[in-house]
Amino acid sequence: MAYYNEHTVLWQDGNIVKASEAKTDLYSQSLHYGYAVFEGIRSYRTAAGATRIFKAVEHYDRLCRSAEALNMPYKYDTDTLIKATYEVLKLNNLQDAYIRPVVYAPANMSFNLNTTSYTIIQTWEMAPFFGERLLKVMTSSFQRPNPKAFHIEAKASGHYVNSILASQEAKAKGFDEALLTDIHGFIAEGTGANIFFEKDGALFTPAKGNILPGITRATVLEICNELNIPVEEGQYTIQQLKAADAAFFCGTAAEVIGWESIDNTKFPAPWKETLGKKIQQAYMDKVTEKQLALA
Ligand code: PMP
């Protein structure tokens with residue numbers, strides 16, 4: 001996939017720079033040790049035709065919290081970064097886009113603290129997913145990182161080696177995605193998305209503590225509240241998941257996407273009749289501000 005071409009620009013510490021000409025420091029502690037934080041954000045063309053970054057404040061606030069968790073100097077406030085993002089989207093002529101801010105370290109081959117950091121914001125086109133495609137998921141042989149080894153609630157680059165290994169394993173075995181357990185063997189999350197499953201008219205999702213508490217997960221909980229869908233947060237086993245009626249992943253990139261099976265065990269409920277499908281619709285209405293356009 002081509003993320004940029006000769007016209008693409010990005011935001012680099014207050015400057016608009018051509019992506020093909022941007023330079024950085026190859027002695028960065030981030031490149032060598034995975035010590036960086038980032039966000040995955042989306043913008044959508046709304047029903048009224050405007051460009052809107054979905055949950056922009058929540059994402060940039062999380063970026064700030066992630067940097068703080070890793071003791072990284074954080075140079076810009078949320079408002080500045082949101083304005084910069086809208087500028088980059090406009091200059092790149094994008095409405096439906098993926099937005100990737102990264103805060104990373106200067107040259108430093110030691111493990112010591114830094115007195116400054118670099119910030120970039122990149123964007124590329126990403127069409128919304130309205131489809132019916134369902135995922136074949138496998139239980140990964142990899143577990144999520146030990147929360148006593150990492151600040152698991154921070155979106156840190158180094159954590160994603162775990163996601164890459166789990167995702168590659170799942171694809172090599174003919175599955176679409178991996179589901180990882182936590183260090184106690186309870187279901188935790190996907191490689192880049194949170195999980196909900198449905199049983200007897202209610203939804204269940206792993207509690208915070210061993211997961212990245214997603215902004216989409218919070219939006220799904222918000223939708224459950226609006227639609228009076230009962231939902232419980234707790235610790236659940238693979239056996240409980242296998243006995244569920246349906247399941248879905250949710251995340252900024254994944255949006256809301258249903259599952260066909262876990263470890264080749266098919267879920268019995270037709271996706272169209274599940275709570276997940278209802279939530280998928282409500283989620284797409286929210287990101288495209290459909291309700292507002294009708295009001
Ligand atoms: N878990 C992991 C491991 C992720 O990488 C992501 C994507 N950021 C999520 C969950 C979902 O988070 P969000 O809804 O904030 O995108």
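Numbering of ligands and ligand atoms starts at 1, following listing order.
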Give the residue, atom name and distance (to 0.1 Å) of the protein heavy atom nearest [atom].
atom: atom 8 (N) of ligand 1; value: Lys155 NZ, 2.7 Å
atom: atom 11 (C) of ligand 1; value: Asn194 OD1, 3.7 Å
atom: atom 14 (O) of ligand 1; value: Thr216 OG1, 2.6 Å
atom: atom 12 (O) of ligand 1; value: Gly214 CA, 3.3 Å
atom: atom 16 (O) of ligand 1; value: Thr252 OG1, 2.6 Å
atom: atom 7 (C) of ligand 1; value: Gly192 O, 3.3 Å
atom: atom 5 (O) of ligand 1; value: Tyr160 OH, 2.4 Å

Note to self: Within a 6.0 Å radius of atom NZ on Lys242, are there more than 12 heavy atoms belonging to other residues, nucleotides or ligands?
What the structure shows: yes
If you count every heavy atom of other residues, nucleotides or ligands that lies below 6.0 Å from Lys286 atom NZ, does the total exceed 12?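 Count over threshold, so yes.
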Taking the six-membered ring where the residue is Trp, are the ring centres of Tyr283 and Phe54 under 6.0 Å apart?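 When the ring centroids of Tyr283 and Phe54 are compared, they turn out to be within the sub-6.0 Å range.
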Sub-4.0 Å heavy-atom approach of [X] to ligand 1:
X: Arg144; value: yes
X: Gly40; value: no
X: Thr191; value: yes

* To do: Assign the ring pair Trp124 / Tyr3 to parallel, tilted or perpendicular, where the plane angle (0 to 90°) is split at 30° and 60°.
  =>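 Perpendicular.
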Parallel, tilted or perpendicular, judged at 30° and 60°: which one describes the rings of Phe197 and Phe204? parallel
Are Glu189 and Arg144 close enough, and set up right, to give a salt bridge (Lys or Arg N to Asp or Glu O under 4.0 Å), and what steps lead you there?
CA-CA 8 Å; Glu189 60 189 324; Arg144 288 297 289 159; 2.8 Å; yes
- Check: Ser163 N/O within less than 3.5 Å of ligand 1 N/O: no
- Arg62 N/O to ligand 1 N/O under 3.5 Å: yes
query: Does a side-chain heavy-atom distance below 4.5 Å link Tyr160 with Lys155?
result: yes
Original post:
Between Asn92 and Thr8, does any side-chain donor sit less than 3.5 Å from a side-chain acceptor?
Top reply: no
Looking only at non-hydrogen atoms, the one of Glu189, Arg217, Glu58 nearest atom 1 (N) of ligand 1 is Glu189
Result for ring pair (Phe, Tyr, Trp, His ring centres under 6.0 Å) between His159 and one of Phe150, Phe38, Phe142 points to Phe150
